[in-house]
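Okay, so here's the structure we're looking at.
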Amino acid sequence: MLKLLENQLKRDLKLRPDAELQEAGFFESHWNTISENISLGKNGITFHYGLYEVAPYSMGFTEITLPYGAVKPFLKPGYADIAKWVK
């Protein structure tokens, strides 16, 4: 799941796939947790990171949205169709 979040953030920031997030200003030592602060939306599950959690204050809050199809393998049976619950 961490790799999915990292790759999505790189796409959102228009970084090369082989780029390091530190090149964009993110903390190296802090980029190893999956946020428990999530929300469900039309486009997927959004992981919310607070100030100083993964980047300096000046970069603001970090939000990464993973499409439901990408997280489906990580969901428990019965939750695989979670996208149809979100309006």
Side-chain angles (χ1 to χ4, degrees):
M1 179 72 84
L2 278 173
K3 198 63 174 171
L4 286 175
L5 288 166
E6 180 181 343
N7 289 339
Q8 185 62 50
L9 182 58
K10 287 178 183 180
R11 283 191 292 276
D12 293 347
L13 297 171
K14 297 177 179 30
L15 296 175
R16 299 179 328 273
D18 63 337
E20 296 293 329
L21 288 174
Q22 295 75 29
E23 294 175 27
F26 290 87
F27 301 139
E28 179 179 5
S29 61
H30 292 61
W31 189 248
N32 59 3
T33 59
I34 298 171
S35 179
E36 294 180 6
N37 185 8
I38 65 169
S39 61
L40 305 177
K42 291 181 182 180
N43 299 320
I45 298 176
T46 300
F47 296 79
H48 305 272
Y49 292 88
L51 299 174
Y52 296 113
E53 196 169 351
V54 294
Y57 178 87
S58 61
M59 291 179 67
F61 295 96
T62 299
E63 295 182 344
I64 308 166
T65 301
L66 293 179
Y68 289 111
V71 297
K72 192 172 184 175
F74 298 95
L75 300 175
K76 291 182 178 183
Y79 293 94
D81 294 326
I82 195 169
K84 68 181 179 184
W85 302 344
V86 181
K87 295 180 182 187

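Residues L13 and F26 meet the side-chain proximity criterion, which asks for heavy atoms closer than 4.5 Å. Side chains of V71 and M1 form a contact here, defined as non-hydrogen atoms less than 4.5 Å apart. Contact of the L21 side chain with the L15 side chain is registered, since non-hydrogen atoms from C-beta on lie closer than 4.5 Å.
For the pair G25 and P56, the tightest heavy-atom approach, listed with the atom from each and the gap, is O-CD, 3.1 Å. Contact detail for Y49 and I34: the closest heavy-atom pair is OH-CA, 3.7 Å. Smallest separation of non-hydrogen atoms from Y52 and F27: O-CE1, 3.4 Å. Between L5 and F47, the shortest heavy-atom contact is CD2-CD1, 3.4 Å. When all heavy atoms are compared, the tightest approach of K10 to D18 is NZ-C, 4.4 Å.
We find the CG-CG distance between L4 and L9 to be 12.5 Å, quoted to the nearest 0.5 Å. Atom CD1 of I45 is separated from atom CD1 of I64 by 13.0 Å, given to the nearest 0.5 angstrom. The distance from the CG atom of L66 to the CG atom of N43 is 11.5 Å, given to the nearest 0.5 Å. Atom CD of E6 is separated from atom CZ of R11 by 10.5 Å, given to the nearest 0.5 angstrom.
Judged by distance alone, the side chain of S35 and the main-chain N or O of H48 form a donor-acceptor pair under 3.5 Å.
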Determine whether E53 and T62 satisfy the following criterion, side-chain contact (heavy atoms from CB on, under 4.5 Å), listing intermediate values before the conclusion.
CA-CA 9 Å; E53 196 169 351; T62 299; over 6 Å; no
